[in-house]
Protein chains: 2
Amino acid sequence: MLTRGKLATRTGCNIETIRYYETIGLIPAPARTASGYRTYGDEHLRRLNFIQRARSLGFSSEQTRGLLDLTEAGGNKTRADVKSLTEEHIDEISEKIKDLQKIKKRLKQISSFCDGSAKSASTCPILESLFDDS
Amino acid sequence: MLTRGKLATRTGCNIETIRYYETIGLIPAPARTASGYRTYGDEHLRRLNFIQRARSLGFSSEQTRGLLDLTEAGGNKTRADVKSLTEEHIDEISEKIKDLQKIKKRLKQISSFCDGSAKSASTCPILESLFDDS
DNA sequence: CTAAACTCTGTATTTAGTACAGAGCCAAAC
DNA sequence: GTTTGGCTCTGTACTAAATACAGAGTTTAG
């Protein structure tokens with residue numbers, strides 16, 4: 001069983017943010033000790049890790065909640081519901097991956113140009129391409 | 001030349017957010033008409049598109065500024081500076097791509113399970129795996 | 001020419017955290 | 001066994017990143 005501080009250090013999450021996630025319902029209210037200290041278990045650890053990853057990838061709290069809800073859709077959602085929701089998320093994620101790959105490709109061009117013989121970065125014509133859509 | 005509203009509709013960016021990006025210096029202050037209306041050009045369009053993409057991929061305003069600065073490092077940065085900065089960004093982006101691919105893989109498992117014969121989503125044992133790290 | 005639609009500035013509100021203050025709890029060092 | 005430093009508790013205040021709104025001026029389309 002973990003205390004709030006331990007959960008924070010193990011996940012790299014700010015200790016206050018954990019309380020915040022509890023108030024907005026992203027993580028369930030944990031059990032408490034007799035004196036009122038929160039006690040977390042492995043489910044909290046895994047859930048919080050996932051939330052952090054999702055947030056760092058540009059999903060809002062609500063979208064993250066949506067992803068998490070897929071795991072506990074349980075009683076009120078049918079297979080078909082879950083499937084179509086899931087596929088929407090897959091599409092969204094595929095788009096994100098594509099965008100990141102575009103940016104990465106551009107950055108690699110920049111990096112390899114900077115191996116060349118130009119005197120300073122200001123003479124780099126590739127940089128401008130960072131903005132293009134292709 | 002674009003008005004602020006046109007720029008907003010062409011980029012899908014909220015009209016107020018454009019003004020906000022100007023005040024924090026993410027986009028340069030545009031030229032103005034005699035009566036004070038902002039007039040934007042193609043550079044603004046491309047820059048704003050890039051900013052939106054970067055933000056939706058989980059980069060903070062500061063990180064986004066860092067990516068943009070690579071394009072105009074010009075006078076004050078050497079090739080070596082730009083190269084190492086760029087490579088840090090590449091690593092970060094590679095991590096994001098990996099994370100997204102993990103989540104995508106899990107979601108695909110969920111989706112294909114939901115094609116199966118289980119009666120409801122609640123009986124889906126794969127969902128739980130969304131939290132794992134592998 | 002005038003009314004709708006747009007823009008201007010400044011300020012207020014929302015979302016997603018993060019920080020701080022004052023009080024209580026707990027463990028290990030004396 | 002008590003004290004003291006470090007933790008937790010709650011509530012509130014603050015920051016960042018937008019987003020919304022109000023009141024005044026401007027542009028444009030009928």
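In the text below, chain A, chain B and the rest are named by the order of the sequence lines, each starting its count at 1. Note that this is a predicted model, so its numbers are computed, not measured.
- When side chains are defined from C-beta on, B:E22 does not count as touching B:Y20, because their heavy atoms never get closer than 4.5 Å.
- Under 4.0 Å is where a charged nitrogen must lie from a carboxylate oxygen, and between A:K102 and A:D99 at least one such pair does.
- Between the CE atom of B:M1 and the P atom of C:dT7 there is a distance of 16 Å, rounded to whole Å.
- A donor atom on one side chain and an acceptor atom on the other are found under 3.5 Å apart for A:S94 and B:K104.
- With B:T39 contributing its side chain and B:A31 its backbone, the two residues share a donor-acceptor pair below 3.5 Å.
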Q. Tell me, for nucleotides 17-25 of chain D in 5' to 3' order, what letter each nucleotide earns: B for a base near a protein heavy atom under 4.0 Å, S for only sugar-phosphate near one, - for neither?
A. BBBBB---B
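- Residue contacts shown for A:T3 are limited to sugar-phosphate atoms, with no base heavy atom under 4.0 Å away.
- No donor-acceptor pair under 3.5 Å is formed between the side chain of A:S111 and the backbone N or O of A:L107.
- Salt bridge annotation for A:K83-A:E87: present, with a cationic side-chain nitrogen under 4.0 angstrom from a carboxylate oxygen.
- Helix bend of the helix from C:dC1-D:dG30 to C:dT14-D:dA17: the angle between its two end axes, each built from five pairs, comes to 30° after rounding to 10°.
- A:R4 places no side-chain N or O within donor-acceptor distance of the main-chain N or O of A:I18, the cut-off being under 3.5 Å.
- For A:R32 and C:dC25, the CZ to C1' distance is 14 Å, given to the nearest whole Å.
- Between B:K6 atom NZ and D:dT28 atom P the separation is 10 Å, expressed in whole Å.
- If you measure from atom OH of A:Y40 to atom P of D:dC7, you get 16 Å, rounded to the nearest angstrom.
- Remark: B:R38 is not in phosphate contact with C:dC6, judged by side-chain N or O atoms under 4.0 Å from OP1 or OP2.
- If you measure from atom CZ of B:R4 to atom C1' of D:dT26, you get 14 Å, rounded to the nearest angstrom.
- Between B:L2 atom CG and C:dC6 atom C1' there is a gap of 15 Å when expressed in whole angstrom units.
- For the pair A:I18 CD1 and C:dG17 C1', the computed distance is 13 Å after rounding to whole Å.
- For the pair B:T11 and B:Q52, the minimum side-chain heavy-atom distance is below 4.5 Å.
- Residues B:H44 and B:L2 are not in side-chain contact: their nearest non-hydrogen atoms beyond the backbone lie 4.5 Å or more apart.
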